[in-house]
Amino acid sequence: MRVLIIVPTHNEAANITTVLDSIQEHVPGTDVMVIDDASTDDTRLLVRERIARGERIELVERPNKRGLGDAYLHAFRLALAADYDAVVEIDADMSHDPAVLPTMLAVAERGINLVIGSRYIPGGSVVGWPRRRTWLSRWGNRYAAIMLGLAINDATAGYRVYRTDTLRAISLDGVQAGGYGFQVEMTYRTVRKGLSVVEIPIQFRDRVAGTSKMNRGIVVEAFKLVTYWGLADLFSMRRRRRAYREAAADTATQSTSS
Ligand SMILES: Nc1nc2c(ncn2[C@@H]2O[C@H](COP(=O)(O)OP(=O)(O)O)[C@@H](O)[C@H]2O)c(=O)[nH]1
Ligand SMILES: [Mg+2]
């Protein structure tokens, strides 16, 4: 399986060396793409130094910070054009331990369309987050699962493996969400296509260096979109039921009149 590991960055100079070293250690020789949005620290410089030393890393430099979802969509399109079999999503801040990658990739290799590194299944955990943030993430996930009818415990997770045939099947055009909503939207699209999703337990550790780019806007966007998709589903289900009942009634009148 030809795999591309995608590492999105925005000012991750304090972490990028550690995460790239760890990826090297656990999945040596795998292609890596760092997609950097407008870093003003040494992130790009540190990546360029590794490239100069001959590491299999591609650096995509974007002039503006356009959000995590937009960065992944950009990287996915490049991966599809280059004919990779699978892509990995992993944060640059060491919250996602590259030691789990061999297991996640093995599951994808068996044909699972989407493998999620999950915090909220037995064996998974979150370390170092304030109680408020864990609560928000946990209930955000429960809300998304209920609204969208997803049998998935961690739909906002950012540690994933997609087989590229999954990305082709769900189509990247028209993806609306940018932040946590992006992860939920991609999961929802995968499930709606009837494709397979497996959650693997991970221990998520809050970053020890650098700063989080999470903000209230990202949470509000995810909440609004999940609510909107959920309601749209409900109404389209009602419309389908009504259409079905009307068609059935029509058939009944036709058979009594004939
Ligand atoms: N390319 C790119 N990467 C981003 C952007 N926003 C966040 N990231 C990266 O996405 C990953 C997750 O972001 P982080 O701030 O750790 O979010 P948190 O874990 O939810 O607090 C990190 O590797 C960030 O550097 C963005 O706009 N563009
Ligand atoms: Mg983080």
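No hydrogens, no waters, no symmetry mates; every other heavy atom, side chains included, goes into these values. Atoms within a ligand are numbered from 1 in the order they appear, just like the ligands themselves. All figures in this text were calculated on a predicted structure; none of them were measured in a lab.
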Would you tell me which option among [options] has the nearest heavy-atom contact to [atom]?
atom	options	value
atom 13 (O) of ligand 1	E89, R207, R62, R133	R207
atom 15 (O) of ligand 1	R66, K213, M214	K213
atom 3 (N) of ligand 1	D70, N215, T9, D37	T9

NZ or CZ of R239 within 45° of F235 ring axis and under 6.0 Å: no
NZ or CZ of R138 within 45° of W135 ring axis and under 6.0 Å: no
Sidechain N-carboxylate O distance under 4.0 Å for E12, R44: no
salt_bridge(D233, R192) N-O dist < 4.0 Å: yes
Metal environment of the Mg ion (ligand 2), protein N/O/S under 2.8 Å: D93 OD2
Top protein contact for atom 8 (N) of ligand 1, by heavy-atom distance: L68 CD1, 4.0 Å
Atom 24 (C) of ligand 1 - nearest protein heavy atom and its distance: E12 OE2, 3.2 Å
Side-chain donor-acceptor contact under 3.5 Å, R160 with T187: yes
Ligand 1 contacted by S95 (non-hydrogen, < 4.0 Å): no
Contact list for residues 147-170, test ring pair (Phe, Tyr, Trp, His ring centres under 6.0 Å), sequence neighbours left out: F76-Y162, H96-Y159
